[in-house]
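Just so you know, ligand 1 is whichever comes first in the structure, and atom 1 is the first atom listed for that ligand.
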Amino acid sequence: MEFSIKAGAPEKLKSGCIVVGIYADMKLSRAASAIDAASGGALGKIIKRGDHRGKRAATLLLQGVSGIQADRVLLVGLGKQSELNQRAYAEILRAAYRAVAATGATDTLITLGELAVEARTIEHKLTSIVLAAHESVYRFDQLKSKKEDAATLRKVIVYVDSSEARVATRCVARAEAIAQGVDLTKTLGNLPGNICTPTYLASAARQVGREFDFKVEVLDKKQIEALRMGSFLAVTRGSAEPVKLIVMKYQGAGAKDAPVVLVGKGITFDTGGISLKPGEAMDEMKFDMCGAGTVIGTIRAIAQMGLKINVVGIIPTCENMPSGTAIKPGDIVTSMSGQTIEILNTDAEGRLILCDALTYAERFKPQLVIDIATLTGACVVALGHVNTGLFTQDEKLATALLGAARDAADPTWRMPLEDDYQDALKSNFADMANIGGRAGGSVTAACFLARYTKNFRWAHLDIAGTAWKSGVEKGATGRPVPLLTTFLQKLAL
Ligand code: BES
Ligand code: MN
Ligand code: ZN
């Protein structure tokens, strides 16, 4: 997908399809009015006939409109101006791209950046325009022998006011970086467990490092053993796939600048292990590496932006399988931190690989650490598929992350993390158990991680409900790449 920016008179701009808006009160958007005037009232006629009432996201394609340079005009309903918020805006953009895709147009001129959207700046709007374009043409068909509906749309021309052209160039470039990071995260997530193995994730990370010229180290089992990551290694014991610890080192700032460390859960398939999961929808546990995918996609995005910040990505990655060599309920292991863990449920494996990765993060003397993990089904019960769960005791960090979530339109909700929940992790035989019972499952999981993050500022993102969609739309979402990229962008300013 290619993007360009144009200003000037909309009727004079060439494109395969110009997209203009109409409000529910039949008022035309500015660009729509210009098209109407240039065409001798083509849009006015349609409104008079009642063929478009401005209903939000309703579309009408017009062919053969005279007096303008575009081959087609897509009239898209904007609903009521008073109800035009980010959610409505995204819905309108989706509908517009869907309607353009149904035509043969290979490029489109989008004028919807000129609309007033509640609490949204030009930067927000252009980001939405770029992300929605990518979303509309994203396909995961590399494993289908017949590629069905390949997208024909190749180019989006973003129409802006001439006073905004300079800002727009910067915004669109940044949004493209986010979109490409999102696409990568989605593809890694969508790949099945037999292809997207720990080794595959390592090569994907290396490839990003090569493309953007930064170091990526991949530690193998021997090196992980030397680090005494007994908790991480316990999880991989049942699997025939080689375990990896991936370390990505993006350096956009001076060598002495303390890095932000991103830690991503990279379970390439989670069967539950000996505490085996039920069969229903178990295929979706190929998405259990979406935290890892998020780290790779986010670092790709900030590298493409050339952000002046240092970011280290740490990805512990392996499978969680049952076998004769697998860990068993009741087994006790020693983590890299020295703390011992009684594994009461082998399906609570995410925290077991993350705790050692978090201890490893200490050596980078980070300014802060954020882990991203499809950690608990309990988080899905709590927040559904809308909000990512944010857990931190650091008020400032919480505020910054929630602000970035709002800016990025990547919804995130703060969850509690008081020490009062810690009691649930008590073990009679080790320093802690790896589960805390059914009550507050996402909180006790975060509490487990908190025991390994005492030496730095830290936040945990539980993306179990937001990293992928189930049902007919089954597929990875690329979340929370927009949130993290936006957060890092602000930090780098
Ligand atoms: N990867 C799962 C969490 C998960 C489950 C994400 C369903 C999305 C949908 C994680 O490893 C897991 O199995 N967690 C257990 C923890 C429990 C045993 C304490 C869970 O949530 O059931
Ligand atoms: Mn599990
Ligand atoms: Zn898991």
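If you number the atoms of ligand 1 from 1 as listed, the ones under 4.0 Å from a heavy atom of A464 come out as 6 (C), 8 (C). Annotation for ligand 1: atoms under 4.0 Å from non-hydrogen atoms of K265 are 1 (N), 10 (C), 11 (O). The ligand atoms of ligand 1 that sit less than 4.0 angstrom from a heavy atom of G377 are 3 (C), 4 (C), 5 (C), 20 (C), 21 (O). Distances below 4.0 Å separate heavy atoms of E349 from the following atoms of ligand 1: 11 (O). Ligand-side atoms of ligand 1 in range of I435: 19 (C), range being under 4.0 angstrom from any heavy atom.
Contact check on K277 versus D347 returns a salt bridge, with a Lys/Arg side-chain nitrogen under 4.0 Å from an Asp/Glu carboxylate oxygen. Using a 4.0 Å cut-off between a side-chain N of Lys or Arg and a carboxylate O of Asp or Glu, D423 and K426 do not qualify as a salt bridge. K308 and D257 are not joined by a salt bridge, as no carboxylate oxygen comes within less than 4.0 angstrom of a charged side-chain nitrogen. Ion pair R56/E91 flagged as a salt bridge, since at least one NZ, NE, NH1 or NH2 atom sits closer than 4.0 Å to an Asp/Glu carboxylate oxygen.
In this structure, K490 places its NZ atom where more than 12 heavy-atom neighbours from other residues, nucleotides or ligands lie under 6.0 Å away. The number of heavy-atom neighbours closer than 6.0 Å to NZ of K396, taken from other residues, nucleotides and ligands shown, is 12 or below.
Of the protein's heavy atoms, D288 OD1, 2.8 Å lies nearest to atom 1 (N) of ligand 1. Taking atom 8 (C) of ligand 1 as the reference point, the nearest protein heavy-atom neighbour is W468 CH2, 3.3 Å.
Contact annotation: F269 has no heavy atom less than 4.0 Å from any atom of ligand 1. Using a 4.0 Å cutoff on heavy atoms, K277 counts as a contact of ligand 1.
One option in I463, L375, V235 has a heavy atom closer to atom 10 (C) of ligand 1 than any other, and that option is L375. Which of T346, D270, I267 comes nearest to atom 2 (C) of ligand 1 through a heavy atom is settled by distance: it is D270.
Panel note: side chain T466, backbone H385; no donor-acceptor pair is recorded below 3.5 Å.
Looking at D270, its N, O or S atom nearest to the Zn ion (ligand 3) turns out to be OD2. Atom OD2 is the N, O or S atom of D270 at the shortest distance from the Mn ion (ligand 2). Looking at D288 and the Zn ion (ligand 3) together, the shortest N, O or S contact belongs to OD2. Among the heteroatoms counted here (N, O or S) of E349, OE1 is the one nearest to the Mn ion (ligand 2).
For the 3.5 Å distance criterion, the side chains of T236 and E319 fail to qualify, holding no donor opposite an acceptor. Of the N and O atoms on the side chains of S275 and T346, at least one donor lies less than 3.5 Å from an acceptor on the other residue. Residues H124 and T127 bring no donor and acceptor atom of their side chains to less than 3.5 Å of each other. Side-chain contact of Y97 with T108: a donor-acceptor pair under 3.5 Å is absent, judged by distance alone.
Angle subtended at the Zn ion (ligand 3) by E349 OE2 and K265 NZ: 90°, rounded to 10 degrees.
Because the distance cut-off is set at 2.8 Å, D347 qualifies as a neighbour of the Mn ion (ligand 2) through one of its N, O or S atoms.
When non-hydrogen atoms are compared, ligand 1 lies under 4.0 Å from the side chain of M285 (C-beta onward) but not from its backbone. Using a 4.0 Å cut-off between heavy atoms, F448 makes no contact with ligand 1 at all. Residue N345 touches ligand 1 through its side chain alone, judged by heavy-atom distances below 4.0 Å. With a 4.0 Å cut-off on non-hydrogen atoms, R438 does not touch ligand 1 at all.
The only member of D270, L352, I274, I353 that meets side chain to side chain contact (heavy atoms under 4.5 Å, CB included) when paired with N320 is D270.
At under 3.5 Å, not a single nitrogen or oxygen of R351, backbone or side chain, sits near a nitrogen or oxygen of ligand 1. Polar contact check, A348 against ligand 1: no nitrogen or oxygen pair lies under 3.5 Å apart. Polar contact check, D347 against ligand 1: a nitrogen or oxygen pair lies under 3.5 Å apart.
The distance from the CG atom of D371 to the CG atom of L461 is 7.0 Å, given to the nearest 0.5 Å.
Contact of the F487 side chain with the D410 side chain is not registered, since no non-hydrogen atoms from C-beta on lie closer than 4.5 Å.
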